[in-house]
2 protein chains.
Amino acid sequence: MTTNLNTFTGEFSYTVDTKGRVNIPAKFRKVLSADNEDTFVITRGMDPCVWVYPVVVWQKIENDLKNLSSLSAINRTFVRNTVRYATPLIYDGQGRIQLTTNLINYAGLDKKTLIIGMVNKIEIWNPERLKEIDKKNMKIDSTAYDDLAEKIII
Amino acid sequence: MTTNLNTFTGEFSYTVDTKGRVNIPAKFRKVLSADNEDTFVITRGMDPCVWVYPVVVWQKIENDLKNLSSLSAINRTFVRNTVRYATPLIYDGQGRIQLTTNLINYAGLDKKTLIIGMVNKIEIWNPERLKEIDKKNMKIDSTAYDDLAEKIII
DNA sequence: ATAGATTGTGGGTAGTTGTGGGTAATAATA
DNA sequence: TATTATTACCCACAACTACCCACAATCTAT
């Protein structure tokens, strides 16, 4: 029987339907603590994918943003770019969230998607893009990758 | 009477049934400390086999992952590749875990499997594959093997 | 040696999950 | 304001999974 760790792990293949909806894996929905009230915040990932935060995790980010002084131009830019693509969502009766066209375009999503648990957030990928990015990063930085593996994998 | 050391040792032959279930050897189940709550995390091994972690061991890994900054692309890649194949599981009433098709394919499992204790984790192998890998590695690195033996075997 | 418990393996079934589409309410556009 | 597009909320259904029971083989203890 599968269970959960209150973190997001594993990958799942889903489809974005014609209305721009994607399923959130049932396993991930179960991971959400009650104080999330079934709410996520979706935004641009640093990679070309959609990041999906449970709302309480996102609120931590917002809180840190609040503490940045608006006197500094770079702070203002950072706050703007972090927040401008963020949309809070509740999933529907079938467990799906409605993506925005903006984010669908940014991540290049098209029918087949890969949803990946990233411990405290979720990523939604176009599988093709992920393959490219992965290859590129490993080429650039494979020694750094090996160092991480050596430190962390038991 | 046999007893145990609270570590995983020994090898056992089991079958993956048509539903993708494998037994966890009763001895290994008894080794789990109470705080594991009968939960394992299965994931890709670095060899073509399935790695099975007791949940508390896995959580140590997750914790290290959480402390990696998402600003670095290689960090994101590492977290993603570490977590994306990981699935938490509880074994069923008969002591079996349900493998994912993804991992069955990765490890090339097919009916007969070899379950091997690896001190703090468990490996599930296709016996044929293990033989090949073993032979290959010994050929490449037999002097390194001897060095390790010299250091470690008393 | 024998009875009882444990262990490994198989299969049935009810409930869950992913996916599609319909319709009414809301928002956007002309 | 009238018309069109978008969104929210249903219902439907096939595929899959969790949970249950069964049973033979092995082990344990008296």
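Order of the sequence lines fixes the chain letters, A, B, ..., with proteins taken first and strands second; residue numbering starts at 1 for each chain.
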Is the backbone N or O of [Y] less than 3.5 Å from a side-chain atom of [X], with the two atoms forming a donor-acceptor pair by type?
X      : Y     : answer
A:T9   : B:A86 : yes
B:S69  : B:L71 : yes
A:T113 : A:Y14 : yes

Checklist entry - What string of B, S and - do you get for nucleotides 8-20 of chain C, 5' to 3', when a contact is any protein heavy atom under 4.0 Å? => result BBBBB----SBBB

Next on the checklist: Could you tell me how far apart B:D38 (CG) and D:dA18 (C1') are, to the nearest whole angstrom?
Outcome noted: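 Between C1' of D:dA18 and CG of B:D38: 16 Å.
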
Checklist entry - In whole angstrom, what separates B:F28's CZ from C:dT7's P? => result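 Rounded to the whole Å, the gap is 14 Å.
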
Checklist entry - Which of parallel (below 30°), tilted (30 to 60°) and perpendicular (above 60°) describes B:Y91 and B:F40? => result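 The rings of B:Y91 and B:F40 sit tilted, inter-plane angle from 30° to 60°.
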
Checklist entry - So do A:I140 and A:Y145 actually touch side chain to side chain, heavy atoms under 4.5 Å? => result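 A:Y145 does not reach A:I140 side chain to side chain.
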
